[in-house]
Number of protein chains: 2
Amino acid sequence: MTRRGSYAKGIAKREEILATALEVVDRAGFRGASVRELADAVGLSQAGLLHYFDSKEELFTAILRKRDEVDTSRTDPGADMVETLLDVVRHNAETPGLVQLFASTSVAATSDVGHPAHDWFVDRYANVLAHLAGAVRARQDAGEIDPAVDADRLARVLVAVSDGMQVQWMLDPEVDMAASIELVWRLALAAVGSGAGATGASGTA
Amino acid sequence: MTRRGSYAKGIAKREEILATALEVVDRAGFRGASVRELADAVGLSQAGLLHYFDSKEELFTAILRKRDEVDTSRTDPGADMVETLLDVVRHNAETPGLVQLFASTSVAATSDVGHPAHDWFVDRYANVLAHLAGAVRARQDAGEIDPAVDADRLARVLVAVSDGMQVQWMLDPEVDMAASIELVWRLALAAVGSGAGATGASGTA
DNA sequence: GTCTATAATTTGATAGAC
DNA sequence: GTCTATCAAATTATAGAC
């Protein structure tokens with residue numbers, strides 16, 4: 001019954017800690033918080049908290065993992081992926097601390113191959129991109145998006161807008177992150193049959 | 001002749017240091033580098049380097065400022081702002097260290113009002129957004145972009161794509177950051193007269 | 001399983017000689 | 001103006017008592 005990487009570590013309690021940590025980061029924000037701060041917040045000593053996680057990075061990554069889990073369960077599995085993305089982004093606007101944690105961790109982990117969360121981010125982006133590209137292709141098949149548009153590229157744009165708007169939103173919480181994604185999507189739908197996909201290169205990267 | 005904030009600090013030498021630091025970060029990368037590391041690289045002791053900058057954050061911000069300066073001088077002042085953005089982003093793909101430094105500093109500074117670089121980022125984004133929105137409006141006046149599209153919002157999208165693609169590019173340097181911006185721009189131009197601007201809210205945020 | 005205590009570093013910043 | 005030396009603080013991680 002033990003899970004890979006967390007053998008003998010009291011999984012139930014671990015989950016409980018993560019649930020609490022999620023709320024704490026959400027409410028109190030994340031300002032490069034230390035393990036000790038988070039430990040205090042969840043009602044454990046620093047050593048007590050690290051008993052459940054191998055390192056600081058593993059701890060914070062676990063929180064992000066948990067966040068994804070919660071988002072997934074809150075979200076309609078049958079919904080269009082773009083709608084799901086919009087839903088998650090709208091929800092993000094109510095969890096500043098998690099946006100902060102995600103933004104800083106994503107930069108740290110993606111820019112360092114040795115970071116404990118690097119591989120997780122690789123998988124996460126690959127997964128989201130694949131789903132979004134699928135949604136784009138579905139619209140292309142339905143004749144609603146110009147088939148000349150590179151679906152993978154448009155998927156990357158949607159993810160980039162989601163990530164990039166977080167910075168602008170942190171600078172000014174009045175900014176509507178979801179509306180930016182909607183604008184891109186609307187433009188893609190409106191540009192059907194206008195040759196917007198025309199480009200020199202045909203590669204996807 | 002002394003400048004605000006750098007009185008009695010040997011401006012010429014400071015500039016020389018920044019020029020070197022720019023190259024160093026560019027070449028050697030930036031992995032949350034310490035002042036000491038950078039000091040070694042520019043041929044000064046840690047104390048010697050901090051003689052020219054009030055703090056670590058001020059130092060790294062100065063590097064980013066310098067980068068902008070160099071970009072501005074490398075760039076055609078009369079060019080369309082979107083073309084300029086593309087030019088800068090294409091150039092970024094050749095300076096991984098600076099992208100890394102920018103990404104992590106922007107997250108740290110925007111998420112913390114007390115960060116020494118916070119105000120600079122506020123100004124920087126306001127400036128870039130204003131220029132891009134102007135470029136959008138020019139196209140709208142020329143009938144090349146649907147006037148119903150919110151120019152400020154499209155400007156935010158362009159900036160968000162630029163920022164967001166940096167993360168995807170750090171995960172995979174094969175990714176073409178500029179091509180994503182081009183796609184958005186092409187979609188905007190292609191969607192003219194198709195009602196893509198239609199939306200419930202009319203606010204810009 | 002949780003805590004106390006502490007190890008082992010590291011870092012930014014300052015004081016003061018030269 | 002630059003360096004050496006050092007400070008003071010903070011952090012993660014671990015060892016070991018209970």
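First the proteins, then the strands, lettered A, B, ... as listed; each starts at 1.
No donor-acceptor pair closer than 3.5 Å links the side chain of A/E83 to the backbone N or O of A/D80. Judged purely by atom type and a 3.5 angstrom limit, A/T105 has no side-chain atom pairing as donor or acceptor with the backbone of A/F102. Remark: side-chain polar atoms of A/H131 are paired, donor with acceptor, to backbone N or O of A/N127 under 3.5 angstrom.
Rounded to whole Å, atom P of C/dC3 lies 10 Å from atom CG of A/L49. Per the geometry, CD belonging to A/E58 stands 18 Å off C1' belonging to D/dT11, to the nearest Å. Note: NZ (A/K56) to P (D/dT12) measures 5 Å, nearest angstrom. Distance CG (B/L59) to P (C/dA13): 10 Å, rounded to an integer number of Å. With rounding to whole Å, A/H51 atom NE2 is found 13 Å from D/dT14 atom P. If you take CD of B/Q46 and P of D/dG1, they are 19 Å apart, rounded to a whole angstrom. Going from atom CZ of A/F53 over to atom P of C/dG1 covers 13 Å, rounded to whole Å. Rounding to whole angstrom units, CG of residue B/L44 and P of D/dT4 are separated by 11 Å.
The side chain of B/S45 approaches D/dT4 more closely than any other nucleotide in the set D/dT12, C/dA13, D/dT4. Listed nucleotides C/dG12, C/dC3, D/dA13 differ in distance to A/A47; the shortest reach to its side chain belongs to C/dC3.
Mapping A/I17 and B/F60 onto DNA chain C via the closest heavy atom, the residue that lands nearer the 5' end is A/I17.
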Worked verdict on A/H91 versus A/D87 for side-chain hydrogen bond (donor to acceptor under 3.5 Å, both in side chains): CA-CA 6 Å; A/H91 184 249; A/D87 189 81; over 6 Å; no
Stepwise salt bridge (Lys or Arg N to Asp or Glu O under 4.0 Å) check, A/R156 with B/E174: CA-CA 13 Å; A/R156 282 196 184 275; B/E174 292 294 305; over 6 Å; no
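At a non-hydrogen distance threshold of 4.0 Å, B/S34, B/V35, B/R36 from residues 25-42 of chain B come into contact with DNA chain C.
With respect to the salt-bridge test (charged N to carboxylate O, under 4.0 angstrom), the residues B/R137 and B/D152 qualify. With respect to A/E182 and A/R90, a salt bridge is recorded, a charged nitrogen being found less than 4.0 Å from a carboxylate O.
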